[in-house]
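Remember, it's 1-based here, ligands and their atoms both numbered in the order they're listed. Here, residue 1 is the first one in the sequence, and each next residue gets the next number.
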Amino acid sequence: MESKKTFYRTIVLSVFITVSSAFVLIKNEQKNAKSIGDVIAVAKKQYRQMLMHSSELSSYPRTADKNGKTKYVSIEDWTGGFWPGNLWYLYEYTNDVDFKNEAVRWTESLEKNQFNKSHHDLGFMMYCSYGNAYRITQNKKYKDILIQSAKSLISRFNPTVGCIKSWDFRASWDGKTVWYYPVIMDNLMNLELLFFATKVTGDPIYRNVAIKHAETTLKNHVRKDYSSYHVVNYDSVSGKVLNKQTCQGYSDNSTWARGQAWGIYGYTMIYRETGDIRFLDAAKGMADFYMNHKNLPEDKVPYWDFNVNQNGFTPDWKYNPTALNYIPRDVSSAAIVSSALFELSGHLGKKGDAYKNFAISTINTLSSSAYLADTGTNGYFLLKHSVGSFPHGNEIDVPLVYADYYFLEALLRNNQLTRNTAP
Ligand code: GLY
């Protein structure tokens, strides 16, 4: 009898301790977090300085080196559209016409990309720039450029495979296999451009390609437990799956944090555009995997891969950062997921509260000094501590322009200031 009482007392005490620690954690998070107004004040200062230091319209800010010096990329790089996108979001929040003028200039500098058929990233490049530009200005010229971009993107679709090819034929990055028809999880993000093109032209071809691609990806990239493969390599003649591998993750069977984040965002957006419950289930399943993973740190900013150093996961890559005695986090994943979860919760009404609370908690964390840069530092980006590609030794624990993009989008979505996310 006595031992039963002790047992129940222990349970009650543990529940009390757990609930109060969670409360203290949330309180601390909120205490250190800047308000959205303060974050936007930081963004205004940082981006004004970025504009002052970025005079070449053909060089797009992407990241910074260890000394905080901004690093730029050319118009061909997949990340070129995020910088104008950031300026559009900042304009949307502030109504400051200087940011609008800059957003226009930087967006229009990407015009020739509408004809780029050399990889799958046109959605990122053109929808984050011209997509926001058209949404905010309704300028017909921007619509036409987006339609041409969608035409270029579907030129990479093979109906036998049922996917848009991400990259052209190449050796897998570890040299072990040949990627004939590689498709990466990230590619889901490019489909928003295609849904847009069908809506404004009335031509179903873009939407049909997008839906087929989303179905094939669901079948081959998403595992039964809703974790995800990064790369699936197909035979372009038979359409058969040849390999399931990674490029930027820890191992072929691991879950690369940003790949999972693209999946959560991608399937949420595809559900918005189709109303198809299969895609809602995928978004929820992938989000649940991410949110409940035992290796997700308490502050909700994931390690760059969920399975780093875990039993049963063996990396093949050679890069060995001996100077690193910690596992880097990837803030870009946290930013992408927070934006996605605001939308996902909107589709679910009251049942979406857990997703919304997780998103709020994440943006509070990202708005604290642990992740938000001091003005004048961090290459004039907002967020610190992202990872581009660990196995390649590229961009480890640095700012990334797309982390800022999805963070700003999440802040706007939280305030319901940006695009309507209802189906
Ligand atoms: N789409 C490339 C990346 O997420 O790094």
Contact table, ligand 1 N/O with protein N/O, distance under 3.5 Å:
unit_1	atom_1	unit_2	atom_2	d
ligand 1	1 (N)	Asp186	OD2	2.7
ligand 1	4 (O)	Asp186	OD2	3.3
ligand 1	4 (O)	Arg258	NE	2.8
ligand 1	4 (O)	Trp262	NE1	3.0
ligand 1	5 (O)	Gln248	NE2	2.8
ligand 1	5 (O)	Arg258	NH2	2.7

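Glu108 meets the salt bridge (Lys or Arg N to Asp or Glu O under 4.0 Å) test with Lys141; sequence neighbours excluded. Taking Lys140 as the reference, Asp144 meet the salt bridge (Lys or Arg N to Asp or Glu O under 4.0 Å) condition, with sequence neighbours excluded.
Stacking of Lys212 on the aromatic ring of Phe157 is not recorded, the 6.0 Å distance cut-off and the 45° axial limit not both being met.
Evaluated for a side-chain contact (heavy atoms from CB on, under 4.5 Å) with Tyr180, the options Asp168, Val237, Asn233 yield exactly one hit, Asn233.
Residue pairs meeting the side-chain hydrogen bond (donor to acceptor under 3.5 Å, both in side chains) criterion with at least one member in residues 195-211, sequence neighbours excluded, are Lys199-Glu273.
If you look at Tyr60 and Trp83, their ring centroids are not closer than 6.0 Å.
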